Number of protein chains: 2
Amino acid sequence: MIPSENRLAEEYGVALATMRMALKQLVDEGLLDRRRGTGTFVKQPAFRADLFRFFHVHDVDDSDIPVIPESRILNCQEVPLPPEVQKAFGADSARHCIKLERVRLWSGEPMLFEEVYLRLPDFEELLSLNLKAVGPLLYPVFLEKFGILISSATDELSFGIATEISAKQLELAPEAPVAVIQRIARNPAGRVIEFRRVHGRPERFRYRVTLGDQPA
Amino acid sequence: MIPSENRLAEEYGVALATMRMALKQLVDEGLLDRRRGTGTFVKQPAFRADLFRFFHVHDVDDSDIPVIPESRILNCQEVPLPPEVQKAFGADSARHCIKLERVRLWSGEPMLFEEVYLRLPDFEELLSLNLKAVGPLLYPVFLEKFGILISSATDELSFGIATEISAKQLELAPEAPVAVIQRIARNPAGRVIEFRRVHGRPERFRYRVTLGDQPA
DNA sequence: TAAGTCTAGTTCTCTAGAGAACTGGTTGAC
DNA sequence: GTCAACCAGTTCTCTAGAGAACTAGACTTA
């Protein structure tokens with residue numbers, strides 16, 4: 001909770017109405033939350049997990065409840081920056097990064113194989129973290145352990161063929177067709193935080209997204 | 001252009017500041033545009049074409065200029081409402097709808113085959129329209145000819161196999177694998193305006209989307 | 001004609017404050 | 001102990017207005 005508009009206006013030497021306008025702006029930006037009769041609170045930036053979760057698997061009965069697949073982390077190590085990741089991270093990037101490999105399963109069956117590239121030194125501590133304790137969603141971990149908020153991402157979907165490792169992890173024949181998702185995720189300042197390449201089993205693959213102004 | 005805040009406040013019998021707040025709200029909602037020293041204008045609801053254009057084909061040199069594929073309309077007729085379209089349109093729908101079939105080409109090669117379902121009687125006039133004159137983008141036509149604005153859409157991507165007609169139009173073997181996009185498009189009130197099913201040639205298929213708050 | 005100046009009209013930012021609406025806690029009556 | 005009434009503190013909505021910033025067009029001048 002922050003001081004009342006009265007106190008703040010006095011403290012900063014501006015009129016009450018001016019302070020109100022400033023506070024309203026911060027509310028519009030989603031940084032503050034005001035409750036009449038109670039006070040003004042800093043809003044913790046709760047990112048919309050549903051926005052960033054592709055692979056909206058729906059239950060067989062077609063209910064609208066998305067299921068979060070189980071997650072199995074295979075690997076997490078420091079690697080030299082691959083060129084396409086370099087391109088996404090930009091010129092100010094370090095020469096190494098973290099590469100995290102994991103498989104996501106649904107009803108026990110492997111559905112997605114993910115290669116996640118993360119900036120160093122930002123995510124240095126991830127190497128010493130207990131990966132067993134990491135839940136199925138990465139972005140909440142980024143926020144809680146590293147204070148890094150993912151607020152936007154660009155996905156690009158296409159078709160391709162499985163690599164040696166993705167074929168093995170997805171239990172597919174070598175060079176089988178797969179869905180390919182490439183994601184670039186950013187913090188609110190627009191800095192690229194993560195580069196991700198995902199291979200998915202094609203036959204049950206689904207990607208759902210809503211564009212534009214969500215109707216109320 | 002609408003009257004000045006001074007005149008409006010007088011006319012409606014409210015204080016100037018109150019009218020200003022009201023106007024600001026309308027600006028925030030994207031309905032008005034105010035220019036200092038000039039006046040206040042109603043903003044025509046220019047929908048973001050780039051938001052709704054899947055198949056962001058990029059040039060071979062990987063420049064970021066999206067290319068709009070050429071469009072060839074095959075068919076436009078009244079048909080009974082298929083069940084999945086009925087489900088999307090909801091209970092208040094008529095028993096018939098318009099079905100529009102078209103192929104979209106890039107560099108002369110067919111890339112997408114689209115089946116577009118539109119509400120009747122809203123789009124009645126489309127049947128008598130000269131389809132040759134319709135440009136490659138449908139939504140601007142909806143806005144200009146019918147006054148219907150598409151403001152949001154939900155896309156669902158998956159994999160499937162070509163139908164008889166889509167295989168023919170895409171010059172693929174029967175039952176070849178294709179990319180499937182299903183779209184439900186809505187007006188600002190949330191009413192479903194369009195149901196669309198698209199088949200795409202998989203090998204050059206790309207779907208790009210940005211989620212969350214776009215960085216400035 | 002061309003360029004600069006002026007002016008009425010507009011929006012933008014800020015001040016100063018009154019009263020309503022609402023909340024959470026305290027007090028008092030039973 | 002329980003419930004109602006009260007109260008201080010908060011945000012919300014609205015009023016009334018001054019002065020700055022800016023624009024488009026009219027006017028003047030070379």
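Just so it is clear, the model here is predicted, and its values are computed rather than measured. We name chains A, B, ... by the order of the sequence lines, and we start the count at 1 in each one.
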With a 4.0 Å cut-off on N to O distance, would you call [X] and [Y] a salt bridge?
X: Arg104(B); Y: Glu70(B); value: no
X: Arg183(A); Y: Glu156(A); value: no
X: Glu115(B); Y: Arg196(B); value: no

Atom [atom1] of [X] and atom [atom2] of [N]: how far apart are they, to the nearest Å?
X: Leu32(A); N: dT10(D); atom1: CG; atom2: P; value: 16 Å
X: Leu8(A); N: dG9(D); atom1: CG; atom2: C1'; value: 14 Å
X: Tyr12(A); N: dC14(C); atom1: OH; atom2: C1'; value: 18 Å
X: Met1(B); N: dA24(D); atom1: CE; atom2: P; value: 11 Å
X: Arg7(A); N: dA8(D); atom1: CZ; atom2: P; value: 18 Å
X: Lys24(B); N: dT11(C); atom1: NZ; atom2: C1'; value: 13 Å
X: Asp33(A); N: dT11(D); atom1: CG; atom2: P; value: 12 Å
X: Gln25(B); N: dC14(D); atom1: CD; atom2: C1'; value: 14 Å

Item to complete: Can you establish whether the number of heavy atoms outside Glu84(B) located under 6.0 Å from its atom CD is more than 12?
Response: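 Yes - once you tally the heavy atoms of other residues, nucleotides and ligands closer than 6.0 Å, there are more than 12.
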Fill in: Between Arg35(A) and Thr40(A): side-chain donor-acceptor atoms closer than 3.5 Å
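The criterion, which ignores hydrogens and geometry beyond distance, is not satisfied for Thr40(A) and Arg35(A).
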Practice prompt. Give the ring-plane orientation class for Phe146(B) versus Phe142(B), where under 30° counts as parallel, over 60° as perpendicular and anything between as tilted.
Written response: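 Rings of Phe146(B) and Phe142(B): perpendicular, as their planes differ by over 60°.
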Item to complete: Would you mind building the protein contact string for nucleotides 15-25 of chain C? One character per nucleotide, 5' to 3', B for base within reach (heavy atoms under 4.0 Å), S for sugar-phosphate only, - for untouched.
Response: B-BB--BBB--
